[in-house]
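Down below is the structure, laid out as structure tokens.
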Number of protein chains: 2
Amino acid sequence: MASDRQIKERELRKEQILNAALKVFKANELEKATMDEIAKEADFGKATLYYYFSSKEEIFIEILNRGWKMIWESIEPVIHNPGKPKDTFIDALNIIGTLVRKNQILFEFLFTAPQKMPSSLNEGKPEWKGYQVKMYSVFEGLLEEGISKKEFPQMRSDLLMRAIGGLFHGLFFLGHEKKPMSRETMEDFITTFIGNYGTK
Amino acid sequence: MASDRQIKERELRKEQILNAALKVFKANELEKATMDEIAKEADFGKATLYYYFSSKEEIFIEILNRGWKMIWESIEPVIHNPGKPKDTFIDALNIIGTLVRKNQILFEFLFTAPQKMPSSLNEGKPEWKGYQVKMYSVFEGLLEEGISKKEFPQMRSDLLMRAIGGLFHGLFFLGHEKKPMSRETMEDFITTFIGNYGTK
DNA sequence: ATTTTTATCGAACCTTTAGTCGAAAATTAA
DNA sequence: TTAATTTTCGACTAAAGGTTCGATAAAAAT
């Protein structure tokens, strides 16, 4: 049977493959990313990839699963702050902003891949989707509470949600130069667009 | 040589193909859209597509060219309103909003395809890119003017641009239900987020 | 009516690429 | 050392899908 160290090494190799895959997914455009290239990037033979993952899809999904799990686990601790929807909302956004800043490539992938990807990969309710849904529910809940407490603009929470989603997305991922945005700039933004209600 | 009517018919057939292609690009995910499917949808044999277009890419590009040209020509008439950046900005946004509402599928394609598509299609500075750039320049110019006149939030115009871009995009294209948004709702939005500066 | 031009498409062609197979290294266990 | 297990990969297969070819039909010109 496999030793502890063997299992750990195996996990490391898996990560090596996933990182390589992310690079390739990023550089080439998603569907143009080939197993051959991932293999080259990961410094393994193509056949070896199939020793660790059963398909290209699985690699894809695994990146999403791990990523969204990480997002969820990062914000989970701060979302139970009762009675302070705006602060909580901003805290959570900032946490995600920090993550994005640390690994822009991964997060751009996490936030954009679901749009681009074949919807066939969505069937079977993958793990990552669960985390994504949970996160959106939390945000929408905070918005609803914040709206009713007049801390946010008075409008339908789902629309506000979309606007903020777009805003956030635009701030980090649109534009030609995709340089990360500092925490200060981002807080500035949040305050300007959604934070200056009911406070002045 | 070809008669007037022949040329017109040819153009009609081209449009038939382009519309079919759009449907297929939309339904399946871009790269999964096959010439076979486009042919089926257009009700032509696959080989016939190559009589009208020299490649799959060309079909793709042609949709973008025609679409962005249309966008540009729709806003061009209103952007020369001198001295009223905020009004002009909102007018232009509203015009685009109206277009989007009329043909959501096409515009979702126009606004999202450039992100998803292989960058190889961007080489050679395609026509549509020109219109897109012109449009963005106009918007950014209006923002700069509006900022300096305190009609907009005081922040770097490029950042504001990104925010509004994301906002707009989110409003129309994010979310599960992609139902069109009414003009009223949209004006509400614009006012709430960028329009209530320097006026109250 | 006949010739020429325009339009159509079925059947191949050919490249790309996901995934498999079986054998050989490398590592671990005995 | 030798046997068992784990890991690696070169070479192959199969299928998908873009593109071309050559023949035929339809329309226009003469």
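Everything numeric in this text was worked out from a predicted model, so none of it was measured. Naming: A, B, ... by sequence-line order, numbering from 1 per chain.
Side-chain contact check for B:F107 versus B:K102: every heavy-atom pair is 4.5 Å or farther apart. For the pair A:W128 and A:L110, the minimum side-chain heavy-atom distance is 4.5 Å or more. Between B:W72 and B:I79, the closest side-chain pair of non-hydrogen atoms falls below 4.5 Å.
With A:F152 as the aromatic partner, A:K86 does not meet the cation-pi criteria of under 6.0 angstrom to the ring centre and within 45 degrees of the ring axis.
Atom C1' of nucleotide C:dT6 and atom CG of B:D4 are separated by 16 Å, given to the nearest angstrom. In this structure, the OH atom of A:Y50 is 12 Å from the P atom of C:dT17, given to the nearest Å. In this structure, B:E57 places its CD atom 15 Å from C1' of D:dG17, rounding to the nearest Å. Atom CG of A:L49 is separated from atom P of C:dA18 by 10 Å (rounded to the nearest Å). Atom NZ of B:K56 is separated from atom P of C:dT15 by 18 Å (rounded to the nearest Å). Look at CD on B:Q6: it is 6 Å from P on D:dA28, rounded to the nearest Å. Atom C1' of nucleotide D:dG17 and atom CD1 of B:I38 are separated by 11 Å, given to the nearest angstrom. We find that CD1 of B:I7 is positioned 13 Å from P of D:dA28, with the value rounded to whole Å.
With hydrogens and angles left out, the side-chain atoms of B:E108 and B:T112 include no donor and acceptor closer than 3.5 Å.
A:Y52 comes within 4.0 angstrom of the backbone, heavy atoms only, and of no base.
Within residues 11-18 of chain A, the residues that place at least one heavy atom under 4.0 Å from DNA chain D are, in residue-number order, A:R13. Contacts between residues 40-48 of chain B and DNA chain D, defined by a heavy-atom separation below 4.0 Å, involve B:K46, B:A47, listed by number.
Regarding contacts with the backbone of C:dT8, every side-chain N or O of B:Y51 stays at 4.0 angstrom or more from both OP1 and OP2. Phosphate contact (OP1/OP2 of C:dT6, side-chain N/O of B:R10, threshold under 4.0 Å): absent.
With sequence neighbours left out, A:K149 forms a side chain to side chain contact (heavy atoms under 4.5 Å, CB included) with A:P85, A:E145, A:E151.
Between A:R66 and A:E11, at least one side-chain N (NZ, or NE/NH1/NH2) sits under 4.0 Å from a carboxylate O, which counts as a salt bridge.
When all heavy atoms are compared, the tightest approach of B:V24 to B:A33 is CG1-CB, 3.5 Å.
The aromatic rings of A:F109 and A:F60 stand perpendicular to each other, their planes meeting at an angle above 60°, with 30° marking the opposite boundary.
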